[in-house]
Amino acid sequence: MRDNLPDSINPWTLAKHGARLQGQLPRAKLRRLPDYVCALRSEPHIDWRFGIDREGQAYISGQIEAQVSVICQRCLQPCELSLGADVRLGIVVSEAAVERLAPGYEPLIATAEFVLADAVEDELLLLLPVFPHHPEGGCQMPPVSQPAEVVEIESRRPFEELRALWQRDQSESS
Ligand SMILES: [Zn+2]
């Protein structure tokens, strides 16, 4: 267990040692996620355990979570989203090996070391909804132009009356 996540990992070695990676991924390490969200509210947090199951399959199992802001596709205002999921990755060396992966595992193809942030971002991008929106009733609709309330306007217009008086005076004095 460690708080400072390494930049790159060899999942095979970690699986062999039954390692656990727990911590926050600094936002500076993220290269793709910022293009898909309007703000990152919290740095992605992972708690991943590595191991080898009874069938000899190397795996990563744990959780991933992050808070992001995206643009609501209904009201076009920022909308906060909590991304979170259980991760269950079967580590394989090739596309061909993906076919033999036991059900319940998502494939993670890795022959050796890889950049941890890449794998974290892959998982988070999968969690982003295609059509993000506020929960029902939560949209901040822009003010809709409703027909102005019909108001009885007082018919007296004191200044017009004054002007009328003034004009009359002018015409009388000329
Ligand atoms: Zn909305």
Side-chain angles (χ1 to χ4, degrees), residues 1-11 14-15 19-51 53 57-92 94-95 97-99 101-110 113-154:
M1 198 171 129
R2 50 194 296 180
D3 282 333
N4 294 321
L5 295 172
D7 284 346
S8 58
I9 59 168
N10 185 325
L14 294 179
R20 182 179 178 187
L21 287 182
Q22 192 187 37
Q24 251 150 342
L25 195 76
R27 64 186 67 213
K29 303 252 162 97
L30 302 172
R31 288 178 289 188
R32 287 172 294 152
L33 190 64
D35 290 342
Y36 291 86
V37 300
C38 54
L40 198 63
R41 319 294 302 185
S42 76
E43 293 177 331
H45 183 271
I46 63 166
D47 184 359
W48 287 0
R49 289 156 201 274
F50 295 71
D53 72 12
Q57 174 64 55
Y59 69 85
I60 302 173
S61 174
Q63 285 84 41
I64 186 166
E65 54 192 42
Q67 262 84 42
V68 296
S69 266
V70 292
I71 294 296
C72 169
Q73 295 304 299
R74 286 181 180 159
C75 69
L76 303 180
Q77 298 298 310
C79 164
E80 291 201 14
L81 272 187
S82 285
L83 304 176
D86 289 332
V87 170
R88 196 162 166 79
L89 300 168
I91 309 164
V92 291
S94 65
E95 291 279 356
V98 172
E99 316 242 320
L101 199 57
Y105 284 120
E106 291 295 319
L108 174 74
I109 301 173
E113 277 207 338
F114 64 78
V115 176
L116 179 62
D118 284 347
V120 170
E121 284 190 295
D122 281 345
E123 293 304 309
L124 290 173
L125 290 173
L126 286 174
L127 295 174
L128 281 179
V130 178
F131 189 86
H133 59 80
H134 287 106
E136 287 309 319
C139 279
Q140 302 141 22
M141 287 300 191
V144 179
S145 54
Q146 289 173 336
E149 217 179 319
V150 180
V151 182
E152 281 297 326
I153 298 168
E154 211 180 340

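Atoms within a ligand are numbered from 1 in the order they appear, just like the ligands themselves.
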* Asked: Rounded to 10°, how big is the angle at the Zn ion (ligand 1) from C72 SG to C139 SG?
  -> 110°

* To do: Please indicate whether Q67 has more than 12 foreign heavy atoms, meaning atoms of other residues, nucleotides or ligands, lying under 6.0 Å from its CD.
  => yes

* **H134: its N/O/S atom lying closest to the Zn ion (ligand 1) (atom name)** => ND1

* Asked: Is there a donor-acceptor pair closer than 3.5 Å between any side-chain N or O of E65 and the backbone N or O of H45?
  -> no

* Asked: Is the distance from the Zn ion (ligand 1) to the nearest N/O/S atom of C79 under 2.8 Å?
  -> no

* Any N/O/S of C75 under 2.8 Å from the Zn ion (ligand 1)? -> yes

* Shortest non-hydrogen contact from E43 to R27? -> OE2-N, 3.1 Å

* Is there side-chain contact between V120 and K29, with at least one heavy-atom pair below 4.5 Å? -> no

